[in-house]
2 protein chains.
Amino acid sequence: MSTLSRARISDVAALAGVSTSTVSRALSNPDVVKPDTRARIRDAIAALGYVPDGSARALALGRGRMVGAIVPTLDNAIFARAVQGLQTTLSSSGYQLLISAHEYNPAAEIEVVRALLERAVDAIVLVGIDHAPQTFELIRASRVALLLMWTYPGQAQHGDENVAPVIGFDNREIGRLAAQHLLELGHRRFGVISGFMRQNDRARQRVEGFRQTLAEHGIRLPEANVVEQPFGYEGGRAGLKLLMQLRPAPTAVFCGNDVLAMGCLFEAQGRGIDVPRQLSIVGCDDLPIASQITPSLTTVLLPTYDLGVHAARAVLHWMKNDAMPESECLPIELVVRGTSGPPAV
Amino acid sequence: MSTLSRARISDVAALAGVSTSTVSRALSNPDVVKPDTRARIRDAIAALGYVPDGSARALALGRGRMVGAIVPTLDNAIFARAVQGLQTTLSSSGYQLLISAHEYNPAAEIEVVRALLERAVDAIVLVGIDHAPQTFELIRASRVALLLMWTYPGQAQHGDENVAPVIGFDNREIGRLAAQHLLELGHRRFGVISGFMRQNDRARQRVEGFRQTLAEHGIRLPEANVVEQPFGYEGGRAGLKLLMQLRPAPTAVFCGNDVLAMGCLFEAQGRGIDVPRQLSIVGCDDLPIASQITPSLTTVLLPTYDLGVHAARAVLHWMKNDAMPESECLPIELVVRGTSGPPAV
DNA sequence: CTGAAAGCGCTTACAG
DNA sequence: CTGAAAGCGCTTACAG
């Protein structure tokens, strides 16, 4: 306890009067060690405050029991919840989570991936399928498992081969659900507030699903009616400002996520626009605030915590069986609340 | 590229026609390697997709360039933002963040700490000063740097010695600012909605500061007027329900954080209580939503992103100079908005 | 049930 | 400017 350096397995072995092999076995495979030898080792460990050195262990074992995850940002409840689901699930199986954010800077991602690969991660989890080719190549060359989340269809394609399993939602269906709901209410003039779609397959697909469903009902969504804004309440506000300058103005707005939708709602309230009487708003995510606010937000519920849990389970399964897990598409659902209603006549 | 296992430094050395020592130097200290040797090595690395093995490197170097952080939960914007600040700052100096949450289960913390210590972390960051003695002992025995955040005063005391530097806020001052503001408005009957105070020094100190300031003005805050609730909108709602059963009912409520304050506001709105005419509410954190909602929330602004940045800088400084950094107390400020006003007469 | 020894993939004095 | 060799702290066949 009073030596200058951290206790090593040899210190424990010396104190317990056994070899380091036996200490190692007592730790990783206790059953094969005689009970009272085990007890002496346990006492020595406690006396020394011994904690095994992870890098040595990882080097000997060839795996570090860590998973690296890269998300756009933690500063959005939706990613924070998914990360929480990942972390909790991994942790309960002895894996630790290394987390990084690239703040929607795709160029940064490759460096973040490299940093993770240099830290003994056994798997990497990324958001979406839009990633630089070098990112995929580096991960493949490193022989590290790769899982993509938040998106679906089946295996992500990259060139000719299946690059990685994906666990996520049908993002086109999100736009479809929103469009159907608004069409049924009788709306005919629409606006969309989306995050930036470049390098963001989820955002793109949500808008595509929305647009396509309108098209199937004979309604064209002009480019000008789709505005891209940075995520955040301010983005939602700015988005509505732009949409309200259109002539004729839309009677219904689909927002790519709840933060944009809330911003849109705040802007409407600030302008004295009656929601949903004069304007309907549909969001996506179902953040906790969505059901609390007045009027409560009509939105598409995405089970993001579950998403993290499922992604973690897939990774754990992969590590355990050395077999690529199945892709998964989690169910989503439209939740109709107070911000949507028939258009004013 | 088509071998079954990941490229090692010896593969790079062979391909470049040099020794592993030279490859290693080219990577960590390029200046001492002849330019065209360096170029051959660079090409070999690219051709093989070589990424150094972090566990081997960490073992040889004695440090893993990772920092472990444990927060109560990521599912609260306030922790997510601090983690984001930590991560961004560490990452830009070549350190990676290992993150865990204990979900307010103090018994879980020791195991989480152990899991982190077993992964070659060079430092550990914890929230608050309330931790099990074994947690402190284990970290000390592991010779890993420890930093506490979110709390202040000076060095955290544990037994007789300074256990760790702390970087945070004066949590008593938070309660004091709220009390002063409400007293000046003319309130005399108060309620408090707090998170659970056991094992949460921040929550305790906020309430203490509030109570003490009232006492200095001759007002006693009865135990029954302080309700503890789980964090979350529902907790805030439940808290106000309880406070409203008091006779006489409080005219002003101080909430331990903005999530509780928002829940309190939603409950008031649901009951037709006019805020701030019939009830004043003061929160803490200044979440982005606080200024957007109607009425906007009077709250104490805590610079939590900065907190993460400062904590990361302190850790980096510690790693670089091998000297314990100074403790820091970050400035906070009361932001008066729409949920506070004079009591009804 | 236990120990001696080799090996995991790096780094770094040391010698040239 | 470069290479041979030892060492970081573990694990695990192998032998007993």
Side-chain angles (χ1 to χ4, degrees), chain A residues 3-41 44-45 48-66 117-122 141-144, chain B residues 3-41 44-45 48-66 117-122 141-144:
Chain A
T3 49
L4 287 131
S5 68
R6 179 168 170 158
R8 291 151 302 171
I9 197 171
S10 57
D11 300 319
V12 175
L15 188 58
V18 295
S19 74
T20 60
S21 325
T22 302
V23 176
S24 177
R25 274 190 293 260
L27 250 25
S28 57
N29 197 3
D31 299 340
V32 306
V33 175
K34 195 160 46 155
D36 69 270
T37 311
R38 222 190 298 155
R40 287 210 313 283
I41 291 172
I45 287 174
L48 295 167
Y50 171 69
V51 177
D53 180 310
S55 33
R57 181 154 219 263
L59 178 58
L61 244 38
R63 54 205 176 74
R65 295 166 304 147
M66 295 195 289
L117 290 172
E118 284 181 8
R119 258 98 179 168
V121 294
D122 303 330
S142 295
R143 307 294 188 278
V144 160
Chain B
T3 49
L4 287 132
S5 68
R6 180 167 169 158
R8 290 149 303 169
I9 197 171
S10 57
D11 299 319
V12 175
L15 187 58
V18 295
S19 73
T20 59
S21 325
T22 302
V23 176
S24 177
R25 274 189 293 260
L27 250 24
S28 57
N29 197 3
D31 299 339
V32 306
V33 175
K34 193 158 49 152
D36 69 88
T37 310
R38 221 190 299 155
R40 286 211 312 283
I41 292 171
I45 286 174
L48 295 168
Y50 171 69
V51 176
D53 179 310
S55 33
R57 181 155 220 263
L59 179 58
L61 245 38
R63 53 203 177 73
R65 296 165 305 147
M66 296 196 288
L117 290 172
E118 284 182 8
R119 258 100 180 166
V121 295
D122 302 331
S142 296
R143 308 296 188 279
V144 159

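Chain letters run A, B, ... following the sequence lines, proteins first and then strands; every chain starts at 1.
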Length of the [atom1]-[atom2] vector between [X] and [N], whole Å:
{"X": "A:Arg119", "N": "C:dG9", "atom1": "CZ", "atom2": "P", "value": "19 Å"}
{"X": "B:Arg143", "N": "D:dG9", "atom1": "CZ", "atom2": "P", "value": "13 Å"}
{"X": "A:Asp53", "N": "C:dC8", "atom1": "CG", "atom2": "P", "value": "18 Å"}
{"X": "A:Asp11", "N": "D:dC10", "atom1": "CG", "atom2": "P", "value": "9 Å"}
{"X": "A:Arg57", "N": "D:dT11", "atom1": "CZ", "atom2": "C1'", "value": "8 Å"}

Look at [X] and [N] and indicate whether a side-chain polar atom (N or O) is within less than 4.0 Å of OP1 or OP2.
{"X": "B:Tyr50", "N": "C:dG9", "value": "no"}
{"X": "A:Thr22", "N": "C:dC1", "value": "no"}
{"X": "A:Ser21", "N": "C:dG3", "value": "no"}

So what does B:Ser55 hit on the nucleic acid, given a heavy-atom distance under 4.0 Å: a base, only sugar-phosphate, or nothing?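 No contact.
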Could you tell me which nucleotide pairs with C:dA15 by Watson-Crick or G-U wobble geometry, both distances under 3.5 Å, or answer none if nothing does?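 Base partner found: D:dT2.
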Under 3.5 Å donor-acceptor pair, B:Arg6 side-chain atoms to C:dG9 base atoms: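 Looking at the base of C:dG9, it does not pair with any donor or acceptor on the side chain of B:Arg6 (distance under 3.5 Å).
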Would B:Val33 and B:Val18 count as a side-chain contact (heavy atoms from CB on, under 4.5 Å) if you check the C-alpha gap in whole Å, the side-chain angles of each, and the deciding distance to 0.1 Å? CA-CA 11 Å; B:Val33 175; B:Val18 295; over 6 Å; no
CZ on A:Arg38 to CG on A:Asp31, rounded to 0.5 Å: 6.5 Å
Nearest-nucleotide wise, let me know which of B:Ala60 and A:Leu61 is further upstream toward the 5' end of DNA chain D.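 First, find each residue's nearest nucleotide; the 5'-ward one identifies B:Ala60.
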Flag if over 12 foreign heavy atoms under 6.0 Å of CZ, B:Arg63: no
